[in-house]
2 protein chains.
Amino acid sequence: MDDVVETIDAGSGPADRLTNEQVYARIFDAIVDHKLRPGTHLKEDELCEIFRVGRTRIRSILARLSANHVVELVENRGAFVSRPTAEEACEVFRARRMIEGHLIRRVAENPTDTLRAALETHLAHEKAARDIGDQGAVIRRCSKFHLLLAEQAESPIVARFLRELTARSSLIVAVHEARPPDDCELDEHHELTELVLARRADDAVALMERHLRGIESRLDLASQQPPAHDLKAALQVTAGQPRD
Amino acid sequence: MDDVVETIDAGSGPADRLTNEQVYARIFDAIVDHKLRPGTHLKEDELCEIFRVGRTRIRSILARLSANHVVELVENRGAFVSRPTAEEACEVFRARRMIEGHLIRRVAENPTDTLRAALETHLAHEKAARDIGDQGAVIRRCSKFHLLLAEQAESPIVARFLRELTARSSLIVAVHEARPPDDCELDEHHELTELVLARRADDAVALMERHLRGIESRLDLASQQPPAHDLKAALQVTAGQPRD
DNA sequence: GCAAGCTGAATCGTATACAATATTTTCAGA
DNA sequence: TCTGAAAATATTGTATACGATTCAGCTTGC
C-alpha cells in the first residue's frame, strides 16, 4: 500500500495545534466537497498523523461526524465516509422538501432587509465560485444557499437538521449523480431569491419543490461509484475560495 | 456531599457488562422521565461506578447524548442535563408543529392496517400507564404516540429528528411546566387517532397543531425549577411498566 | 466583617499502553 | 495453480495514568 499520509501539513504553522472544531471542519468539508469519496476508510492513525493529534481526539471527532451521518462507524472496522443508499436518498429529499418548503414560505412571507442583503451577497459568491471553476466551492456554495434560508428564518434547530440533510445530499450526489446540472437549474437560486424578495410565497414554495425534485431527478439510484483512497490529498487546505 | 452512588446495581447480574447502547438508553430514559432533573451534573466517575465501565466509554456516551441535545457539555466542567431556555422551547415547538403537521397528514391520507393496530395498541398502553399512576411511563408513552406517527410514516430520518424534539420537549416541560394537563388534553391522542383512521387529514393536522400549542400554553417560560442531585436513584431500573 | 488571594481536592482532557478483533500474507497440500 | 488454514500484521476498543483546569474552603489583610 502506498503512503497515504504526506500532503497533510495540518494548516500553516508547524507547532500550532488545531482545535477539535477545526479538525472536524476540515474532514467535514473534505467529505462534502467530494474530496473524500463515499466509502473511503478514515483510518484513525492516518488522521492522527495528518492532524498531529492523539487518537482519543480523532475518535471523538469521528463519533461526531457519525452522529451527523456523514460517516458510518462499523464496529471493529472503523469509520467510513457514508455511502447513502437509494432509499436514504429518497428519504433525504423528501425531508428536504418538507423542511425547505416551510422555511422558504416563512422567509417569503416576511422578507427583511438583512435577508435581501444576505441573499444578494450569497448569489455573488456563488457566481464567483462558478466563474473560477472551483468545483468544491461551487458545491459548498449551492448548499449554503439553502442553509441561508434556514438561518434567515431564525430557526437554529431546523437549520441544523437542514445542515445534516444538505451534507447528506452532497454525498448522495457523489454516489448517484448520473448527469451534471443544466444551466436552467443553476439559475433557480436566482429565481428563488426573486420570488422570496417579491413576497410571492406560494410561487417560491412551488419552485423550491421543483428545484429539489430536479436535483433528485438527475440521480441514477441504481448505480454507484467506487471510493478513493488518498486521505492526505483530500484533506489539504484548498487554495481556492475561502470558506464562509 | 453525600454519597450519590449506591442505588446503581447496573442491571441484574453482577458480572454481566452493559453495552454502550444499554448505558445510553438508561441515562436517556432517566432524563426523559424526569428522574434526572435539568441542570444535574453528570459526573463521569460517578457514572463509571454506577455502570461499572471505564471513563472512556462514559465519555463517548455523554458525547452522543450531547449530540442529541439532552445533555450539555461544558468545557472543563463536564456534562449537565440540558436546561432549555425559553427561546429554545419556542423553537422546539415550532419545529414540532411543522414536522408533526406533515407527518400526521401523510398517515391520515393513507392509513394502513398496521397503523390502526399500532395506534390502538399504543392507546391501550398509554391508558394502562395512567391507570397505574407510573408518571415516568406516562411521560414516555405520550412522547411515544408522536413518534409512532413518524415511524408509521416510514420516514426514519424525520422520525429521528422528532425523537430529539420530543426528548427536548420533555426537558422543557420539566423546567417550565406551570400546571398539569387537564383531562381534555389527555384525550387528544384518542381524538387524533380517530381523525387519522377516518382519513380526515385536514382536521387531524388542525388538531395536532392545537394539541402542541396546548402543551406549550401550559408552560411558564419565565420561571425555572432547580436541579436534583441523586444520580444513583435516578438511574435505577424502574420496576413499573416495561420499556417499549 | 468582608473581599482577595491562596491551597488542596475534585473533576475533566488527552496521551499512551495493552487487549481484542479484523485483515493480509504465507505456505502446505491437493 | 488453486484452496484453505495458520501466522503475521494492521486496526480498532478500552482502561489507565498523568497533566490541566475548576471549584470550595480557608486564610490573610484591610
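Reminder, nothing fancy here: chain letters follow the sequence lines and each chain counts from 1. It should be emphasised that the depicted structure is a prediction, and the values quoted were computed from it without experimental measurement.
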Q) When you check the gap from the basic side-chain N to the acidic O, do A:D33 and A:R140 get nearer than 4.0 Å? A)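 Yes, charged N to carboxylate O under 4.0 Å.
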
**Q.** Closest-nucleotide ordering on DNA chain C, the 5'-leading residue of A:N76 and B:A79
**A.**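 Looking at the nearest nucleotide for each, B:A79 comes out on the 5' side.
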
Q: Would you please say whether a donor-acceptor pair under 3.5 Å links the side chains of A:S82 and A:R168?
A: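 Result is no, nothing qualifies.
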
Q: Ignoring the backbone of B:H41, work out which of C:dC12, C:dT23, D:dC23 is nearest its side chain.
A: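 Of the candidates, C:dC12 comes closest.
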
For atom [atom1] of [X] and atom [atom2] of [N], their distance in whole Å:
X     : N      : atom1 : atom2 : result
B:K43 : C:dC12 : NZ    : C1'   : 13 Å
B:E72 : C:dC12 : CD    : P     : 15 Å
B:L62 : C:dC12 : CG    : C1'   : 11 Å
A:D45 : D:dA10 : CG    : P     : 11 Å
B:F51 : D:dT14 : CZ    : C1'   : 18 Å
A:I58 : C:dG13 : CD1   : P     : 17 Å
A:E49 : D:dA10 : CD    : P     : 13 Å
B:L42 : C:dC12 : CG    : C1'   : 14 Å

Q: Evaluate side-chain contact (heavy atoms from CB on, under 4.5 Å) for A:S170 paired with A:I139, printing each intermediate quantity in order.
A: CA-CA 8 Å; A:S170 172; A:I139 297 171; 4.0 Å; yes

**Q.** Nucleotide-resolved protein contact map, nucleotides 14-19 of chain C, B/S/- at heavy-atom distance under 4.0 Å
**A.** BBBB--

Q: Kindly assign one of parallel, tilted or perpendicular to the pair B:H122 and B:F145, based on the angle between their ring planes and the thresholds 30° and 60°.
A: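 The rings of B:H122 and B:F145 sit tilted, inter-plane angle from 30° to 60°.
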
Q.
Does C:dT21 have its OP1 or OP2 closer than 4.0 Å to a side-chain nitrogen or oxygen of A:R77?
A.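 Checking A:R77 against C:dT21: no side-chain N or O falls below 4.0 Å of OP1 or OP2.
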
(Q) Could you tell me if the side chain of A:T112 sits less than 4.5 Å from the side chain of A:V107, heavy atoms only? (A)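 SC-SC contact between A:V107 and A:T112 ruled out.
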
(Q) Looking at A:Y24, I'd like to know if the NZ or CZ of A:R64 sits under 6.0 Å from its six-membered ring centre while staying within 45 degrees of the ring's axis. (A)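 Judged by the rule, A:R64 and A:Y24 form a cation-pi pair.
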
Q.
Filter on ring-ring contact (aromatic ring centres under 6.0 Å, His included), then keep only pairs touching residues 69-95 of chain B, sequence neighbours left out; what's left?
A.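 Qualifying pairs, neighbours excluded: B:H41-B:F80.
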
